[in-house]
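Here's the structure we're looking at; comments come further down.
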Amino acid sequence: MELVDEVEHRSLFRRETDSLQTEAASLMERKAIATKNSVLQSFKIVILSNKLNILLPFGPLAILVHYLADNKGWFFLLSLLGITPLAERLGYATEQLACYTGPTVGGLLNATFGNVTELIISMIALRNGMIRVVQLTLLGSILSNMLLVLGCAFFCGGLVFFRKEQVFDKGNAVVSSGMLLIAVMGLLFPTLLRYTHSEIQAGSSVLFLSRLTSCVMLVAYAAYLFFQLKSQLSSYEKMNKNEETSDADEDPEISKWEAIIWLLVLTAWVSLLSGYLVDAIEGASVSWKIPISFISVVLLPIVGNAAEHAGAIMFAMKDKLDLSLGVAIGSSIQISMFAVPVCVVMGWMIGAPMDLNFQLFETAILFITVIVVAFFLQEGTSNYFKGLMLIICYLLVAASFFVHEDPHQG
């Protein structure tokens, strides 16, 4: 009798053990399926949901052309097309991550990654000794943000709200204009020192002044960030408050870790393509018979500013001009007060004589552009006509560089 009970007990124990093992296996299978579904869902949202991503295959195609054909023009064009959606998706991943970090850290993330494409291209070009490409690319990004991105935002917003003038925070606009003028001072003084032949030590005084000015500008930019994010409501906080009151708060579409992983993957892919792109600039200039300055000032920044361009227009069409201004002018400030000084400091560290002497022609165009933009921002209002005028100004700038041969290219 005891033997029968023991057999039944063992049988019952085995059934319970098998049941627990089956449940554990089922749970692991469900987790694996959920993880797989999560990965697939994330891939669909990031890669397949955006129409601009139809250009993604041009990246691998560019690399294929690089190794199979010796046509720098086609290779450069394919690389340019391949980087365009990556720049936009970088902006998207940054915005998704900012949803989890709050407005303050989100603002810093957007300031850091908003122009990551230009920074990567500049760093690679600097490492290759192409200092003028670095200067012209960064200059073009500033001009593109101030004129083309802001102009398109004003124009599209003005068409949507045709019967009224859109308004934005005049105080923030004045502060932003002041920061841009300080950035122009930082670039203007080394240029004037060189062209007035008033250096104490020819060839080294401009470089010393550039490095000293860059350090000061980095401190000024840090103070500007502190002022924007701590001393007053940032644009991201304003956006959250407006969306809460209008009951239109948008939830993030992907998880925090998915956003971080996508940010790393996209940055690595942009870095790879940027390396090929920089190597093909001179070949493309010869093949297309257009100046390198036009490629650096006009074509490269338009690709790098894809995310800012789309974001600024979208906000303007929702009557959120403060955000459009923060994207366009904020990016210009970030490039001029952070990216340019960082490139000078990095050049200092690796022994490259990168300075703030952007040459007379380029510095004059930047100075006039900042004055025009500051004039358009002083009233605190916007309409489609102001946007159209800014776009026309950008076309004039692009035409100027199309016929400008840079004697200092190298």
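Residues L180 and I333 meet the side-chain proximity criterion, which asks for heavy atoms closer than 4.5 Å. At a threshold of 4.5 Å between non-hydrogen side-chain atoms, the residues S214 and V340 do not count as touching. You'll find the side chain of S210 reaches within 4.5 Å of the side chain of V206, heavy atoms only. The shortest distance between side-chain heavy atoms of M217 and P341 falls below 4.5 Å. With a 4.5 Å cut-off on side-chain heavy atoms, I63 and L273 count as touching. With a 4.5 Å cut-off on side-chain heavy atoms, L277 and L80 count as touching. By the 4.5 Å heavy-atom criterion applied to side chains, F401 and F361 are counted as neighbours. Taking the side chain as every heavy atom from C-beta outward, F375 and S177 never approach each other to under 4.5 Å.
Between Y384 and F162, the ring centre distance stays below 6.0 Å. A ring-centre distance under 6.0 Å is found for Y221 and F338.
Atom-to-atom distance recorded for S332:OG and L150:CG is 8.5 Å, nearest 0.5 angstrom. The distance from the OG1 atom of T363 to the CG atom of L139 is 7.5 Å, given to the nearest 0.5 Å. Atom-to-atom distance recorded for L136:CG and M130:CE is 10.5 Å, nearest 0.5 angstrom. Considering CG of L356 and CZ of F358, their distance stands at 6.5 Å, rounded to 0.5 Å. The distance from atom CD1 of I142 to atom CD of E362, rounded to the nearest 0.5 Å, is 12.0 Å. Between atom CG of residue L209 and atom CD of residue E199 there is a gap of 9.5 Å, rounded to the nearest 0.5 Å.
Counting all heavy atoms, side chain and backbone alike, A312 lies closest to S324 at O-OG, 2.7 Å. Heavy atoms only, all atoms of each residue included: L126 and G347 are closest at CD2-N, 3.7 Å. The nearest pair of heavy atoms linking C343 to V134 is SG-CG1, 4.0 Å. Taking both residues in full, the closest heavy atoms of P190 and G186 are given as CD-O, 3.1 Å, listed atom of the first, atom of the second, then distance. Of all the heavy atoms in S176 and Y224, the pair that sits closest is OG-OH, 4.0 Å. Minimum heavy-atom separation, A93 to L263: CB-CD1, 3.7 Å.
In this structure, S285 contributes its side chain and I290 its backbone to a donor-acceptor pair below 3.5 Å. Formation of a donor-acceptor pair under 3.5 Å by the K170 side chain with backbone atoms of T381 is not found in this model. A donor-acceptor contact shorter than 3.5 Å links the side chain of D322 to the backbone of D169.
A parallel orientation is assigned to the rings of F154 and F168, their planes being inclined by less than 30° (bins at 30° and 60°).
Residue E165 qualifies as enclosed at atom CD: its count of foreign heavy atoms under 6.0 Å is above 12. Shown here is W288, whose CH2 atom has more than 12 heavy atoms of other residues, nucleotides or ligands within 6.0 Å. Counting heavy atoms of neighbouring residues, nucleotides and ligands inside a 6.0 Å radius, atom CH2 of W74 does not exceed 12 of them. No more than 12 heavy atoms of other residues, nucleotides or ligands shown are found within 6.0 angstrom of CE on M317.
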Could you walk me through whether L325 and N172 pass the side chain to side chain contact (heavy atoms under 4.5 Å, CB included) check?
-> CA-CA 9 Å; L325 214 64; N172 279 340; 5.8 Å; no
Dump the intermediate steps for side chain to side chain contact (heavy atoms under 4.5 Å, CB included) on M123 and V342, then the final yes or no.
-> CA-CA 10 Å; M123 291 300 177; V342 162; 3.5 Å; yes
Derivation of the side chain to side chain contact (heavy atoms under 4.5 Å, CB included) call for R211 and M354 = CA-CA 9 Å; R211 290 169 175 173; M354 168 78 182; over 6 Å; no
Can you list the steps and then say if S274 with I83 is a side chain to side chain contact (heavy atoms under 4.5 Å, CB included)?
-> CA-CA 8 Å; S274 296; I83 284 181; 3.9 Å; yes
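Checked by atom type, the side-chain pair N357/Q135 shows no donor-acceptor distance below 3.5 Å. Of the N and O atoms on the side chains of Y195 and Q359, at least one donor lies less than 3.5 Å from an acceptor on the other residue. A donor atom on one side chain and an acceptor atom on the other are not found under 3.5 Å apart for Q166 and N383.
Both tests pass for K164 against the ring of F161: distance under 6.0 Å to the centre and angle within 45° of the axis.
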